[in-house]
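Comments concern the structure below.
Because only heavy atoms are used, hydrogens play no part in the values below, and waters and symmetry mates are left out as well, while side chains stay in. As the structure is a computational prediction, the values presented were derived from the model and not from experiment. Here is how names work: the chains are called A, B, and so on, in the same order as the sequence lines, proteins then strands, and each is numbered from 1.
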There are 2 protein chains.
Amino acid sequence: MTADDYIQPVLHTLNPHVSVDCVVFGFDRSALHVLLIERKREQGDLRIKTALPGDLVWEDESLDEAASRVLKELTSLEGIFLKQFRAFGDPNRVRDVKDLDWLSSFREQPQARVITIGYYAFIRMSDFEPEASSFASRVFWQDIHSIPNLAFDHNQITEEAIEVLRADFENRKAGFELLPEKFTLSQLQSLYECILDRKLDKRNFRKKVLKENLITPLPEKQTGVLHKPAQLFELSQHG
Amino acid sequence: MTADDYIQPVLHTLNPHVSVDCVVFGFDRSALHVLLIERKREQGDLRIKTALPGDLVWEDESLDEAASRVLKELTSLEGIFLKQFRAFGDPNRVRDVKDLDWLSSFREQPQARVITIGYYAFIRMSDFEPEASSFASRVFWQDIHSIPNLAFDHNQITEEAIEVLRADFENRKAGFELLPEKFTLSQLQSLYECILDRKLDKRNFRKKVLKENLITPLPEKQTGVLHKPAQLFELSQHG
DNA sequence: ACAAAAGTGTTCGGGATACACCCATGC
DNA sequence: GCATGGGTGTATCCCGAACACTTTTGT
């Protein structure tokens with residue numbers, strides 16, 4: 001199939017009806033967090049609105065490209081693997097009056113009906129110091145147990161992302177990106193416990209993950225801890 | 001929250017950028033099928049185009065509502081449970097020249113970039129004689145192993161629906177709607193084999209499904225078969 | 001009697017669960 | 001020497017896989 005098989009795409013312009021929203025998970029050895037942003041407002045306007053990083057898609061980019069671009073624009077994060085998990089299309093999802101005024105400050109058609117495609121991603125919190133871009137006034141981590149009221153239906157989107165994360169994690173399809181490069185088995189267990197939200201038996205857990213060959217021991221141990229130093233591991237190649 | 005909390009929705013008008021497509025599965029005791037349609041064209045135009053039932057969404061309906069409505073308009077099927085499984089947003093997905101002419105016959109903005117939300121559903125083939133509506137010239141079942149070339153990216157959408165169906169079925173989240181009201185264990189096994197695409201052991205299969213309590217024996221047996229008549233079962237309540 | 005599908009039990013291996021004590025280090 | 005988390009093995013149960021013969025009906 002060649003370029004001649006396609007009619008010309010429209011020019012580089014925003015689609016006012018389709019957006020993407022990104023639920024970015026981070027893990028800091030004790031709790032799961034999601035990345036939230038506050039949008040810049042006009043000078044002097046002190047009302048704040050917290051939201052997931054998200055925005056309209058361009059007419060000539062795919063949804064996956066839009067998610068990567070939006071995440072980069074709002075948080076400076078680049079090269080993150082984002083996975084689509086579901087579409088949200090309630091006709092009133094962006095029509096609550098509590099959001100209108102705020103929305104008007106950065107959308108040309110604030111009352112347009114917008115469906116949004118939810119994406120989730122993982123990053124190592126230690127590798128990333130949230131940094132606001134020109135489009136966001138603040139970017140920060142929030143523990144998933146204390147998410148504030150968010151814009152639109154972003155609380156619902158976050159909840160569903162957590163559910164999908166749990167399901168994918170149990171199928172070993174995702175989640176290991178949250179670990180530091182070198183980690184101990186206790187840290188790994190803590191990640192499992194945070195995501196699955198329950199305690200696991202230490203001996204059984206170790207037997208299981210060691211048999212799976214997903215992790216490889218390093219010729220290295222922890223240092224500077226005030227107890228028996230732990231063996232360090234890394235993720236196996238090929239995953 | 002009252003009606004005053006929402007700004008007024010736009011009038012009843014189509015959103016030219018968002019559509020839904022429905023992958024409807026049927027089962028006839030030996031193979032899985034999907035429901036396909038051919039759109040009506042002008043009199044005398046013999047070129048045909050086969051597609052999944054799907055169309056643009058209205059500005060004031062949810063995606064779920066749109067999927068139900070579109071399915072009803074194109075196939076007369078009503079009251080079917082449809083499950084969203086993913087969004088498709090390649091900017092060129094409706095821009096192949098092979099589709100343009102055909103698309104022009106029923107879309108006002110045939111060259112608009114459209115993202116679509118895929119839904120899947122199950123029905124008992126025995127309960128449904130496909131019936132073309134005023135919008136479709138033909139509605140028919142097609143074995144999933146011999147799907148013809150479809151419009152746009154509908155082949156890809158169908159493939160992904162089958163994958164999701166398999167995954168959901170293995171988690172017992174979906175699929176039993178495909179069975180007739182009364183069925184034998186062999187029919188149930190055949191459904192499993194068609195969906196999972198592999199043979200199962202009869203004795204192990206029976207042990208497993210009987211233990212799960214998802215089905216209940218009826219005080220009834222097959223009649224008129226030229227072999228030992230089988231016990232009939234129905235799905236358990238609450239299921 | 002024959003054809004056709006229904007129906008039925010046992011064995012084996014692997015994975016999940018439950019559970020308690022000694023070890024290496026820093027202070 | 002003590003506080004702190006690191007590290008280890010065994011017994012049990014349940015589930016999934018493999019496997020072959022008898023039973024009931026219609027013709």
Side-chain angles (χ1 to χ4, degrees), chain A residues 27-31 166-167 169-173 175 179-234 236, chain B residues 27-31 126 166-167 169-173 175 179-234:
Chain A
F27 174 66
D28 72 348
R29 315 189 168 201
S30 66
R166 291 207 171 109
F169 189 72
E170 299 216 53
N171 298 331
R172 320 253 138 59
K173 285 196 295 191
L179 289 165
E181 257 185 64
K182 300 173 182 179
F183 53 88
T184 67
L185 290 177
S186 291
Q187 282 168 9
L188 183 61
Q189 181 173 350
S190 169
L191 172 64
Y192 272 74
E193 289 176 342
C194 283
I195 293 183
L196 302 180
D197 208 21
R198 63 193 166 94
K199 284 288 169 198
L200 300 172
D201 178 86
K202 184 163 61 165
R203 278 176 290 189
N204 294 336
F205 177 79
R206 284 166 185 238
K207 257 181 293 177
K208 189 164 78 99
V209 298
L210 289 175
K211 185 168 336 171
E212 280 172 353
N213 282 336
L214 293 173
I215 60 173
T216 314
L218 292 165
E220 235 181 303
K221 299 203 167 196
Q222 274 183 319
T223 55
V225 287
L226 51 158
H227 53 76
K228 180 172 172 178
Q231 176 68 245
L232 290 171
F233 290 80
E234 64 179 0
S236 301
Chain B
F27 174 67
D28 71 350
R29 313 186 171 205
S30 65
S126 54
R166 291 208 171 108
F169 189 72
E170 298 217 54
N171 298 330
R172 322 256 135 58
K173 285 196 293 191
L179 290 165
E181 256 185 64
K182 301 172 181 180
F183 53 87
T184 68
L185 290 178
S186 291
Q187 283 168 7
L188 183 61
Q189 182 174 347
S190 169
L191 172 65
Y192 272 74
E193 289 176 344
C194 284
I195 293 182
L196 303 180
D197 209 22
R198 62 192 167 95
K199 284 288 169 199
L200 301 173
D201 178 84
K202 185 162 60 160
R203 281 176 288 191
N204 294 335
F205 178 78
R206 285 168 185 238
K207 258 180 293 177
K208 190 166 77 99
V209 297
L210 289 174
K211 186 168 338 175
E212 280 173 351
N213 283 335
L214 293 172
I215 60 174
T216 314
L218 292 165
E220 237 181 302
K221 297 202 167 196
Q222 272 184 323
T223 55
V225 288
L226 52 157
H227 55 75
K228 179 171 174 179
Q231 176 68 247
L232 289 171
F233 290 80
E234 63 178 0

Of all the heavy-atom pairs spanning [X] and [Y], show the shortest one and how long it is.
X	Y	answer
R29(B)	S190(B)	O-OG, 3.1 Å
F169(B)	G175(B)	CD1-CA, 4.0 Å
P229(B)	Q222(B)	CB-O, 3.1 Å
D28(A)	A31(A)	OD1-N, 3.0 Å

Distance, rounded to the nearest Å, where E212(B) contributes CD and dC15(D) contributes P: 10 Å
Salt bridge (Lys or Arg N to Asp or Glu O under 4.0 Å) involving E234(B) - partner list, sequence neighbours excluded: none
Partner residues of K207(B) under the side-chain hydrogen bond (donor to acceptor under 3.5 Å, both in side chains) criterion, sequence neighbours left out: N204(B)
With K182(B) via side-chain hydrogen bond (donor to acceptor under 3.5 Å, both in side chains) - residues at least two apart: E220(B)
Range on DNA chain C touched by chain B - first to last nucleotide, heavy-atom distance under 4.0 Å: dA4(C) to dT10(C)
Residue of the set V209(B), L185(B), L218(B), L188(B) for which side chain to side chain contact (heavy atoms under 4.5 Å, CB included) holds with F233(B): L185(B)
Close side-chain approach of S30(A) and E193(A), heavy atoms under 4.5 Å: no
Residue pair F183(B) / L191(B), side-chain heavy-atom distance below 4.5 Å: no
Difference in axis direction between the ends of the helix from dA1(C)-dT27(D) to dC27(C)-dG1(D), five pairs, 10°: 10°
B/S/- contact track for nucleotides 5-11 of chain D, protein heavy atom under 4.0 Å: BBBBBB-
